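For reference, the structure discussed in these notes is given below.
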There are 2 protein chains.
Amino acid sequence: MTEGAVQPRRTRQRSAIASLISATDSFQSAQEIHHLLRSTGEVIGLSTVYRTLQSLAEAGEIDVVINADGESVYRGCGQGRGLHYHLVCRICGHAVEVAADTIDRWVRSIAREHRFSDAVASLTVFGICRACASAT
Amino acid sequence: MTEGAVQPRRTRQRSAIASLISATDSFQSAQEIHHLLRSTGEVIGLSTVYRTLQSLAEAGEIDVVINADGESVYRGCGQGRGLHYHLVCRICGHAVEVAADTIDRWVRSIAREHRFSDAVASLTVFGICRACASAT
DNA sequence: AGACTAATGGGAATGGTTATCATTAGCGTG
DNA sequence: CACGCTAATGATAACCATTCCCATTAGTCT
Ligand SMILES: [Mn+2]
Ligand SMILES: [Mn+2]
Ligand SMILES: [Zn+2]
Ligand SMILES: [Zn+2]
């Protein structure tokens with residue numbers, strides 16, 4: 001059996017991205033993250049940001065959501081808390097994680113009912129958070 | 001009070017799109033629809049297809065879903081059946097509509113719990129339909 | 001028929017994301 | 001500590017769905 005997945009090399013760039021992402025609870029786009037890193041003096045290419053975010057996402061270490069504009073936005077995942085969905089502020093990107101079980105039961109039941117297999121829900125709830133709502 | 005929304009002019013192109021869309025129950029992209037129309041002899045521009053689909057979607061006459069590749073795909077909506085979500089085959093685009101009430105209750109409750117206002121769920125269930133599953 | 005203007009459509013522009021590929025730099029080995 | 005292998009980087013070009021632009025066409029109303 002081929003023992004999978006050699007862990008990625010630890011590079012300055014990858015660390016910078018990981019640390020920035022663990023320091024915020026908002027969903028941010030690759031370009032936003034690139035700008036933020038640049039503005040703090042990090043030297044890093046845009047390609048690297050895209051690649052690394054994807055790699056982290058595939059590894060399950062961060063979450064991806066596609067916002068209303070069709071952009072992918074990324075956020076550090078509440079570690080090892082299993083499957084969950086997100087409630088995201090459409091103004092500032094602030095997000096909270098919500099348990100998946102209610103939804104997953106519902107998904108399984110309607111998939112069975114219509115004889116679909118392999119059903120996976122793509123679900124994100126967008127709203128306006130307390131802070132943004134009070135900021136008129 | 002300004003009485004809104006003059007209805008759109010009835011053009012050959014708009015009719016062609018509406019009729020094609022009412023003849024299938026699969027979600028299709030603007031480009032696919034454009035090709036299909038072209039292949040049946042219709043003379044129609046890609047811009048027009050995009051514009052018309054958006055206009056029909058805003059009018060609530062068709063539904064839009066953003067698929068896994070981030071493309072918008074369109075489908076004739078089961079008329080006047082109110083808010084609903086979709087269970088879509090990720091192979092062929094075949095879709096069925098599913099009632100929204102269970103989900104909407106859940107959305108309202110978690111939004112209240114986290115003090116988010118204006119919460120709207122973006123939800124689509126992707127799976128594999130009976131036909132595609134049996135086609136090995 | 002004539003006027004008004006919404007609708008059309010070819011082509012250029014946009015913009016997020018991916019592909020290329022020469023260069024750099026982890027990291028295991030002797 | 002060199003050395004070698006190759007993953008990772010990043011500047012740049014390509015990609016590609018969608019939108020913009022604007023001159024031309026054609027519904028619709030009088
Ligand atoms: Mn998460
Ligand atoms: Mn529908
Ligand atoms: Zn907010
Ligand atoms: Zn199918």
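Everything numeric in this text was worked out from a predicted model, so none of it was measured. Numbers restart at 1 for each chain; the letters A, B, ... are given by sequence-line order, proteins then strands.
- Nearest-nucleotide mapping onto DNA chain D: of B:Thr11 and A:Arg38, the residue sitting toward the 5' end is A:Arg38.
- The phosphate of D:dG10 (OP1 or OP2) has a side-chain N or O of A:Thr48 nearer than 4.0 angstrom.
- Both A:Ile103 and A:Leu87 belong to a single network of hydrophobic side chains, linked directly or stepwise wherever heavy atoms of I, L, V, M, F, W or Y lie under 4.5 Å apart.
- A salt bridge does not link A:Arg108 with A:Glu113: none of the charged nitrogens is closer than 4.0 Å to a carboxylate oxygen.
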### Message
Does the protein touch nucleotides 19-26 of chain D at the base, only the backbone, or not at all? Give it as B, S and - per nucleotide, heavy atoms under 4.0 Å.
### Response
BB-----B
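- Close approach of DNA chain C to chain A, defined as any atom under 4.0 Å from a non-hydrogen atom of the protein, starts and stops at C:dG16 to C:dC27.
- Note: CZ (A:Arg10) to C1' (D:dT6) measures 19 Å, nearest angstrom.
- Among the atoms of the strands shown, none is found under 4.0 Å from any heavy atom of B:Ser29.
- In this structure, A:Gln13 reaches the sugar-phosphate backbone alone: every heavy-atom distance under 4.0 Å involves primed, P, OP1 or OP2 atoms, never a base.
- Summarising the geometry, atom CG belonging to B:Asp25 is positioned 10.5 Å from atom SG belonging to B:Cys89; distances are rounded to the nearest 0.5 Å.
- In this structure, A:Leu53 atom CG and D:dT9 atom P are separated by 11 Å, rounded to whole Å.
- Shown here for A:Val43 and A:Arg38, the closest heavy-atom pair between the two residues is CA-NE, 4.3 Å.
- Among the protein residues, A:Val43 comes within range of the sugar-phosphate backbone only, with heavy atoms under 4.0 Å from sugar or phosphate atoms but none that close to a base.
- A donor atom on one side chain and an acceptor atom on the other are not found under 3.5 Å apart for A:Ser117 and B:Arg130.
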### Task
Carefully, step by step, assess A:Ser29 and A:Ser72 under the rule side chain to side chain contact (heavy atoms under 4.5 Å, CB included).
CA-CA 6 Å; A:Ser29 70; A:Ser72 295; over 6 Å; no
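- A donor-acceptor contact closer than 3.5 angstrom is absent between the side chains of B:Tyr85 and B:Asp63.
- In this structure, A:Phe27 has its ring center under 6.0 Å from that of A:His86.
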